[in-house]
Colleague: 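One structure follows; several queries about it will come next.
One-based numbering, in listed order, for ligands and for the atoms of each.
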Amino acid sequence: MNNLRDIPSVERLATQLGEPHELAVTAARQAVATRREQVQRGEGPATDLLEEATEVFDRLRSPSLVRALNATGVIVHTNLGRAPLATAAVEAATAVARGYSNLEADLDEGGRGSRQMHVRDLLRELSGAEDALVVNNCAAAVLLAAASMAGGGREIVVSRGQLVEIGGSFRMPEVIEASGARLREVGATNRTRLADYEQAIDEDTGAILRAHPSNFRMLGFTEEVAVEALCGLGVPVIDDIGSGALAEGMPVLGEEPGVRRSVAAGAALVCFSGDKLLGGPQAGILVGAEEAIARARSHPLARPMRIDKLSLAALEATLRLYREPRRAREEIPVLRMLQAPEEELQQHADALADALQAEGVSASVVRSTCAAGGGALPLLELEGPAVDVDPSPFAAAELAQRLRLSDPPLLLRLRHGRVLLEVRTLTDGESVEAARLVADVMREAARDDGSG
Ligand SMILES: *Cc1c(COP(=O)(O)O)cnc(C)c1O
């Protein structure tokens, strides 16, 4: 087929793609156009035209953002969408997505209400704060806090030890600059004392910002000022605690700054994420003093940062679970994974290894460690069993790549040239799917081997 006349018409090629479909015509048109260009450039046809069109057709019909299986053992995995939602949160978001809702309708009075009314009282109750405001993520919450407390050229005092980059290019000094405030650095990288803050405070000071260093830790000769002491300086304190621990009765969260502690200390604004250790949807939560929240709420940036209704529905449902701490620990996936009992993990790993072996895949249960992820609890190593898979005839990296490209994508861990499936971040049902995907890829390899 190296003649333009030999290329079939778009219509004919489209009908060859199967049942009538609008996208079949689009796919056929694309494939034909590509082929014409190839012929005009004098390039020989590399592949079968129908095959080419089928590939385009499949690509056009399949979504880009899809469910994936997380066998990496990183619980709050930003690349994999952070926190899986609790069933109650999924149901709340689905119900609101399907039809209309009372998002901003005041059902008592019949007029316009605020979307904040659905979570405000819950957040006050759970955090002990006077007031609360939610926006679309914690980065936005920090920017709004800085802009509303010190925008227009006032100063924000920050310890040099906290001028960190959180990830995804969120750098504290740049955020402060973008807010219209001026950064006033105090202390040294490793040590900042209360006196450093005291000396920096003057009539230009809009706020003191304390930023949790998240996935970054300094060891050795270090000193930081506790939030209680900062709040005693008589200047509004913005406390960006990042993940923030709200769950009760979870010793594993001990290293994370608690939301209630910062509120009780008297921070003007405490900022934290909805989809990290809270285990809810993407959201940025501000809790704090009535006056500070009122300033944030009426700042022009609050509107462009507004939370959408699906996230809001999921956030409300998640926060409702926190009212019953035991239920929260059982039903919020992130919390459940953080404290999954050894025995349960062991049974899960045994079942996965057995399922793989039954399919002829060489697999065994080994010891491993999982991480919280999302910049939270960076030093935490959650010990437990994992399933080690012999990747041969593939190299481990190649098996991992094939599994990433499977349907659904399966993401796992590489360790010492082997492939590890962490069961902590898989549900039982997902684990059955994961075994099938691994077995399928291995069978394909055996087939390729046999035919080649
Ligand atoms: C993660 C994090 C943020 C950003 O939160 P997002 O919800 O991802 O926008 C801000 N500050 C700290 C300390 C964080 O850990």
Colleague: State whether the shortest distance between N or O atoms of Ala140 and N or O atoms of ligand 1 falls below 3.5 angstrom.
Modeller: no
Colleague: Does any N or O atom in Ala139 lie less than 3.5 angstrom from one in ligand 1, N or O only?
Modeller: yes
Colleague: With a heavy-atom distance limit of 4.0 Å, tell me whether Gln282 approaches ligand 1 through its side chain, its backbone, both, or neither.
Modeller: neither
Colleague: Any donor-acceptor pair under 3.5 Å linking the side-chain atoms of Glu422 with those of Ser368?
Modeller: yes
Colleague: How close does the nearest protein non-hydrogen atom get to atom 11 (N) of ligand 1, and which residue and atom is it?
Modeller: Asp240 OD2, 2.7 Å
Colleague: Which atoms from ligand 1 have a heavy atom of Arg82 less than 4.0 Å away?
Modeller: 6 (P), 7 (O), 8 (O)
Colleague: In terms of atom number and element, which parts of ligand 1 are under 4.0 angstrom from non-hydrogen atoms of Ser214?
Modeller: 12 (C), 13 (C), 14 (C), 15 (O)
Colleague: Go through ligand 1 atom by atom and flag the ones less than 4.0 Å from a non-hydrogen atom of Ser273.
Modeller: 5 (O), 6 (P), 7 (O)
Colleague: Pair Asp202, Arg184 - check side chain to side chain contact (heavy atoms under 4.5 Å, CB included), show working.
Modeller: CA-CA 11 Å; Asp202 54 31; Arg184 177 80 180 259; 3.8 Å; yes
Colleague: If we only consider heavy atoms of Val142, is any one of them less than 4.0 Å away from an atom in ligand 1?
Modeller: no
Colleague: How long is the gap from OG on Ser148 to CD1 on Ile238, to the nearest 0.5 Å?
Modeller: 6.5 Å
Colleague: Consider only side-chain N and O atoms of Asn190 and Thr222, and report whether a donor and an acceptor are under 3.5 Å apart.
Modeller: no
Colleague: When you check the side-chain N and O atoms of Ser311 and Asp308, is any donor under 3.5 Å from an acceptor?
Modeller: yes
Colleague: State the CG-SG distance between Asn137 and Cys271, to the nearest 0.5 angstrom.
Modeller: 11.0 Å
Colleague: Can you give me every donor-acceptor pair (side chain of residues 319-326, partner residue at least two apart or in another chain, under 3.5 Å) with its distance?
Modeller:
residue : atom : partner : partner atom : Å
Arg320  : NE   : Glu316  : OE2          : 2.9
Arg320  : NH2  : Glu316  : OE2          : 3.1
Tyr322  : OH   : Leu278  : O            : 2.8
Arg323  : NE   : Glu125  : OE1          : 3.2
Arg323  : NE   : Glu125  : OE2          : 2.9
Arg323  : NH2  : Glu125  : OE1          : 3.0
Glu324  : OE2  : Arg327  : NH1          : 3.1

Colleague: Look at atom 14 (C) of ligand 1 and find which of His212, Lys276, Gln162, Arg210 reaches it with the closest heavy atom.
Modeller: Lys276
